[in-house]
Amino acid sequence: MKRRAVLLCLVILIIITGSLYSNATQIILKVNYPKMVLDNDEIDIGYYEKVVPVIVNNRTMVPIRSIVEVLGGVVNWDDSDEKISIEYNDRKIEMRVNDNNITVDGEDKYSDVPPMIVDDWTMVPLRFISENFGLLINWDSKNKKITIKTNQQDFEKYKGQISFWHYNVEELTGMVKAFNKVYPNITVNLTVNTLKNMEYQNKLTAAVRAGSQVPDIFASEGTFVKRFVDDNDFYMDISDRARELSGNMVTYTVDLGTNYRGEIKALSNQVSVGSIIYKKSVAKKYLGTNDPNKIAGMFSTEENMLETGKKIKEKSKGKVAVFCSWGDVEKMYLGGRSVGWVVDGKLQIDQKVQSFIDLAKKIVSNKYEAGYSEGTSGYNAAIASDESFLATVLPPSGISQIIGKIDRKAYEGGRWGIAKPPFPFGCGGTWYGISNSSQEKELSWKMLKFITIDTYAMKDWVVKNDDLPNNIYLLSKKIPYSRYVDTSLAEFYDPIMRDVNYKINSKYDDMINQSFNKVLNAYLNGKIASKAELIKQFKSDVENLNIIEVDN
């Protein structure tokens, strides 16, 4: 079966039925026209791939994936078994090609028109689907137009309140706004706490341990998601609901949200791997080129980074640095390790950590960094300026959330470029799960599913935010395209994300990272005299945490 079928651009056989509800989400399609109208908005049917409804043997066929997903459902295709699975409105239909027997919520039923392959596309009977999902269809034979409608009451019937904790207010409010357009009667109460000094993790832990004011859903950053995934008091097991649906997600994201017993506890809506984001004008002025491949070569080794820093410093007479901060280098080296902080319950300091300490010292001593920490006013001014520094290190989300929002000229293009890092590395990311003690698990699942699994909702979110979706289908369509760096992020990150090693993460990483950065800062500022003393103090501080063994 061809790639289109593997990617599940399904088409369905329409058999005319029924009248329409007056208060419903509406989809309008036209034969041989590649767009559909969704509640007055015209969008591509095939996610940028030309797909049109057609007439075959006097029957009208349209793509099921787009229809089900824009209505909030989920479609999965098992290529090895030629099995189609559709979930919508709390119901699940499973069928196989050329098999009249169809399963609806575990009950065997018979369809007079079986799923079939026509011109390499998988067709399924819409009459059967509409009857079991409550979708109603109208056929305008004169204009060859198809109207599909759902009863909005299907979504309005879900009522209640859920609480949601996050550490990014913009990300959270955007998600809730989109969710409430579909589920208007589910109130989402928001709480936002800062990640600074581990305030978010500590407040969440205190609430769970006390059994008081525990959120129904809460977010976890990539560096500490294992802390909550591997503790049964935090996230509930969603394996039964999520295992099949997570097949459209990038594997490492599912692995990181899975605990040591193989239970899926949290899901992510984004792929968060790092890259070098650089100012094109600085590169051209001081390095003679802003070609991304050549810039990548200038960061390909430690020696090249230092040589690039020296060149820029000399040519700018000390006014421009190669990095915004040594923290940029830390993201690469800690995120790109082959061995994490913890192995078999013991602290490990691998070669990349050792190399990073030496490199960071040279960068700071030679003033190859501008010295602006992320989130400070100086950092914002440096990002927006025409010079100040050459490069910073960010995940895909940072391109729009940091570069796009701080540098007002960035959206016009031409100011920023993106280059491959010296090695693949993970760079944050956000995971979401439902609290084990939630009293509103069903409503919470609606929210969790919407923000992490719903392809149409994710496409809309990705296009608005230029983030990299944790959705294999959308990634295959090279979504998103970033105006800020004039690049398809999906295409750029594809070879990088395949080799990111998130298996190094442990549930103690946020605490160990805090201890490491404390002694590293002291070393870089001259308060700790040597690297040996830094490592000795670091081991002592970790040992005092009483979480893992430390060899002295």
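- Residues passing the side chain to side chain contact (heavy atoms under 4.5 Å, CB included) test with Ser488 are Lys478, Tyr481, Ala490, Glu491, sequence neighbours excluded.
- With rounding to the nearest 0.5 Å, the separation of CG in Leu334 from OG1 in Thr223 is 10.5 Å.
- The heavy-atom pair separating Gly340 from Val343 by the smallest distance is O-CG2, 4.4 Å.
- Taking the six-membered ring for Trp and the full ring otherwise, Phe538 and Trp341 have centroids separated by under 6.0 Å.
- Around atom NZ of Lys531, more than 12 heavy atoms belonging to other residues, nucleotides or ligands sit under 6.0 Å away.
- Between Phe450 and Phe179, the ring-plane angle classifies as perpendicular under the 30° and 60° cut-offs.
- Stacking of Lys361 on the aromatic ring of Tyr523 is recorded, both the 6.0 Å distance cut-off and the 45° axial limit being met.
- No donor-acceptor contact under 3.5 angstrom links the side chains of Ser400 and Asp466, judged on distance only.
- A donor atom on one side chain and an acceptor atom on the other are found under 3.5 Å apart for Glu302 and Tyr333.
- The distance from the OG1 atom of Thr430 to the CE atom of Met175 is 7.0 Å, given to the nearest 0.5 Å.
- Within 6.0 Å of NZ in Lys405 there are more than 12 heavy atoms belonging to other residues, nucleotides or ligands.
- Comment: Asp231 engages Arg209 in a salt bridge, judged by a side-chain N to carboxylate O separation of less than 4.0 angstrom.
- A side chain to side chain contact (heavy atoms under 4.5 Å, CB included) with Phe224 is found for one member of Leu195, Asn505, Leu204, Asn513 and no other, namely Leu195.
- Between Phe323 and Phe389, the ring center distance fails the sub-6.0 Å criterion.
- Rounding to the nearest 0.5 Å places CE of Met511 at 11.0 Å from CG of Asn546.
- Side-chain rings of Phe234 and Phe228 approach one another, their centers coming within less than 6.0 Å.
- No side-chain N or O of Asn269 forms a donor-acceptor pair with one of Thr452 less than 3.5 Å apart.
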Next on the checklist: Applying ring pair (Phe, Tyr, Trp, His ring centres under 6.0 Å) to Tyr411 and Tyr484, what does each step give before you reach the verdict?
Outcome noted: CA-CA 5 Å; Tyr411 190 70; Tyr484 302 111; 5.6 Å; yes
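- Between Arg415 and Asp407 there is a salt bridge, since at least one side-chain N of the basic residue sits less than 4.0 Å from a carboxylate O of the acidic one.
- Around CG of Asn544, the count of heavy atoms belonging to other residues, nucleotides or ligands within 6.0 Å exceeds 12.
- Between Lys539 and Glu543 there is no salt bridge, since no side-chain nitrogen of the basic residue lies less than 4.0 Å from a carboxylate oxygen of the acidic one.
- Side-chain contact of Ser385 with Lys279: a donor-acceptor pair under 3.5 Å is present, judged by distance alone.
- Using a cutoff of 4.0 Å between basic side-chain nitrogens and carboxylate oxygens, Arg227 and Asp510 are scored as salt-bridged.
- Side-chain contact of Asn470 with Gln270: a donor-acceptor pair under 3.5 Å is absent, judged by distance alone.
- A salt bridge between Glu442 and Arg241 is present, with a side-chain N of the basic residue lying under 4.0 Å from a carboxylate O of the acidic one.
- Counting only heavy atoms from C-beta outward, the side chains of Met305 and Met298 never approach each other to under 4.5 Å.
- Within 6.0 Å of the CD atom in Glu533, the count of heavy atoms belonging to other residues, nucleotides or ligands exceeds 12.
- Counting heavy atoms of neighbouring residues, nucleotides and ligands inside a 6.0 Å radius, atom CG of Asp344 does not exceed 12 of them.
- The number of heavy atoms from other shown groups lying within 6.0 Å of CD (Glu199) is above 12.
- Taken from CD1 in Ile403 to NZ in Lys409, the straight-line distance is 14.0 Å, to the nearest 0.5 Å.
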Checklist entry - Taking it one step at a time, do Ile512 and Ile548 satisfy side chain to side chain contact (heavy atoms under 4.5 Å, CB included)? => result CA-CA 10 Å; Ile512 297 174; Ile548 57 174; 3.9 Å; yes
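- For the atom pair CG (Leu172) and CG (Leu190), the distance works out to 4.5 Å, reported to the nearest 0.5 Å.
- The pair Asp494-Arg498 meets the salt-bridge criterion, since a charged nitrogen lies less than 4.0 angstrom from a carboxylate oxygen.
- Between Glu374 and Lys331 there is a salt bridge, with a side-chain nitrogen of the basic residue lying less than 4.0 Å from a carboxylate oxygen of the acidic one.
- Annotation for Tyr372: atom OH does not count as buried by contact number, only 12 or fewer foreign heavy atoms lying within 6.0 Å.
- Applying the side chain to side chain contact (heavy atoms under 4.5 Å, CB included) rule to Ser246 yields the partners Met249, Val254, Ile264; only residues at least two apart in sequence or on another chain are considered.
- Expressed to the nearest 0.5 Å, how far CH2 of Trp326 lies from CD1 of Ile357 amounts to 10.5 Å.
- Relative to the six-membered ring of Tyr167, Lys196 misses at least one condition, a distance below 6.0 Å or an angle of at most 45° to the axis.
- In summary, Asp509 and Lys226 do not engage in a salt bridge, as defined by a charged side-chain N under 4.0 Å from a carboxylate O.
- Around atom NZ of Lys446, more than 12 heavy atoms belonging to other residues, nucleotides or ligands sit under 6.0 Å away.
- Aromatic rings from Tyr235 and Tyr432 are positioned such that their centres are separated by 6.0 Å or more.
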